[in-house]
Amino acid sequence: MLCRLFFRTHVIRRAPPTVSRQRFLHISRVAANAKKESPVDKPTPDKEQGDWDRTIKEAIEQARRELESSPKEPPQPPDDYITTLGRVMAELPLQLEGFFTHGLDPTLFTEQVRFMEPRHSGMQLTGRSQYLGMARVLRIAMNMWFSSPTLTVLLLRQQQADDNLDVFVRWAFEGMPRHSEIIGGSESRYEGEFRYRIHPKSGLICVHEVTAIHPAPPTGIFATAGPLARWMGWLAPRGSLSLNSHK
């Protein structure tokens, strides 16, 4: 029988991230484009989509270089279920709130972890390498697109159903688009919920589902299926990826 676990969310104080040469070039390009426009003009949807597509491609190239230069970590011996579950539950909110600084800890997830975002993109993928690769690209791209993006955990709750333990995480995202700092604009804010399923034997996370995002993100954010699919194929040819954007 599982013991009820109580959690406290922690606010992580982060130092401003160092601006890499690639990100500096990206910001400079945005600034140069902004100078060509009228100060009162706002970016058109087509222009924003083009900027986002270039951001994703640059993030993929940076993620590739990081992975090629990073050392391989040896596998760790598994702990018992209760110990592993306690570690996962203690680390999960810290990992989410520090995501834009350090990414995700791979030891919290099973080898065949599944990711699903059914409501907006229809994205599904299987495999820890692909899941962490997608997360790495997203972290780099969001740091390029937003100034000091933050993710704050608002609430964690558990739901036990038969042998399955689900953990629901409510969160809030805030970030100032970098082009808004140049031509004016407001901060972006989204709230949503993740569902994590705990593997009944290992105590690790085996499913991550995006159950809600409010307001709905722009549909163009999911229009880079081609580059993402090639990136996932480079990461793990034996994995699976499905990208069926909803119209």
Side-chain angles (χ1 to χ4, degrees), residues 1-12 81-100 102-139 142 149-174 189-219 221-222 228 232 239-246:
M1 175 180 291
L2 289 173
C3 299
R4 182 179 298 273
L5 301 175
F6 297 89
F7 312 101
R8 293 185 301 173
T9 60
H10 304 276
V11 177
I12 297 179
Y81 176 83
I82 294 297
T83 301
T84 300
L85 178 61
R87 179 176 67 86
V88 169
M89 293 298 96
E91 284 293 322
L92 183 58
L94 301 178
Q95 289 289 309
L96 291 175
E97 293 198 331
F99 171 71
F100 294 114
H102 54 61
L104 297 175
D105 180 355
T107 67
L108 301 183
F109 305 93
T110 63
E111 186 68 32
Q112 292 301 313
V113 62
R114 290 191 299 127
F115 173 81
M116 299 176 287
E117 199 294 298
R119 288 158 183 79
H120 302 288
S121 67
M123 176 185 283
Q124 300 181 46
L125 61 84
T126 302
R128 185 166 58 196
S129 294
Q130 291 197 339
Y131 174 73
L132 295 175
M134 178 201 65
R136 183 185 292 264
V137 170
L138 180 63
R139 173 177 58 83
M142 296 294 274
T150 61
L151 189 73
T152 303
V153 172
L154 304 177
L155 178 68
L156 283 86
R157 64 182 177 88
Q158 297 180 44
Q159 181 173 307
Q160 185 80 38
D162 299 326
D163 293 332
N164 295 319
L165 175 63
D166 288 337
V167 179
F168 293 86
V169 180
R170 285 182 53 195
W171 50 264
F173 167 84
E174 293 178 310
R189 178 181 173 86
Y190 292 90
E191 293 192 10
E193 183 181 70
F194 295 151
R195 176 180 71 89
Y196 295 96
R197 172 153 292 181
I198 303 301
H199 192 278
K201 293 183 179 179
S202 68
L204 297 172
I205 295 169
C206 60
V207 174
H208 174 191
E209 179 183 4
V210 182
T211 57
I213 303 178
H214 302 289
T219 56
I221 199 172
F222 303 112
L228 280 176
M232 295 305 173
S240 64
L241 170 69
S242 173
L243 278 160
N244 301 310
S245 296
H246 294 175

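Here, residue 1 is the first one in the sequence, and each next residue gets the next number.
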For Phe173, check ring pair (Phe, Tyr, Trp, His ring centres under 6.0 Å) against everything at least two apart and list the hits.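 Per chain and number, Phe173 pairs via ring pair (Phe, Tyr, Trp, His ring centres under 6.0 Å) with Phe100, Phe146.
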Pairwise side-chain contact, [X] with [Y], heavy-atom cut-off 4.5 Å (strictly under):
X      : Y      : result
Phe168 : Leu155 : no
Tyr196 : Val88  : no
Ile198 : Asp166 : no
Arg87  : Asp105 : yes

Partner residues of [X] under the side-chain hydrogen bond (donor to acceptor under 3.5 Å, both in side chains) criterion, sequence neighbours left out:
X      : result
Glu191 : Arg189
Arg128 : Glu111
Glu91  : none

In Å and rounded to the nearest 0.5 Å, what is the [atom1] to [atom2] distance from [X] to [Y]?
X      : Y      : atom1 : atom2 : value
Met89  : Leu165 : CE    : CG    : 7.0 Å
His208 : Met134 : NE2   : CE    : 7.5 Å
Ile213 : Glu193 : CD1   : CD    : 11.5 Å
Leu92  : Leu156 : CG    : CG    : 6.5 Å
Tyr131 : Arg136 : OH    : CZ    : 13.5 Å
Leu104 : Phe109 : CG    : CZ    : 5.0 Å

Applying salt bridge (charged side-chain N to carboxylate O under 4.0 Å, His left out), which residue pairs with at least one partner in residues 199-217 are found, sequence neighbours left out?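 Found Arg119-Glu209, Arg195-Glu209.
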For Gln160 against Asp162, the heavy-atom pair lying closest together: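 Shortest heavy-atom separation between Gln160 and Asp162 comes out as NE2-O, 3.1 Å.
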Contact summary for Phe194 and Thr211, nearest pair of heavy atoms: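 Looking at all heavy atoms of both residues, the closest pair is N-OG1, 4.2 Å.
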Got a sec, which residues hit side-chain contact (heavy atoms from CB on, under 4.5 Å) with Thr110, two or more places apart in sequence or on another chain?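 Scan of Thr110 (side-chain contact (heavy atoms from CB on, under 4.5 Å), adjacent residues dropped) gives Val113, His199, Ser202, Leu204, Cys206.
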Option from Glu117, Met116, Gln130 for which side-chain contact (heavy atoms from CB on, under 4.5 Å) with Leu125 holds: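 Testing each of Glu117, Met116, Gln130 against Leu125, the sole residue satisfying side-chain contact (heavy atoms from CB on, under 4.5 Å) is Gln130.
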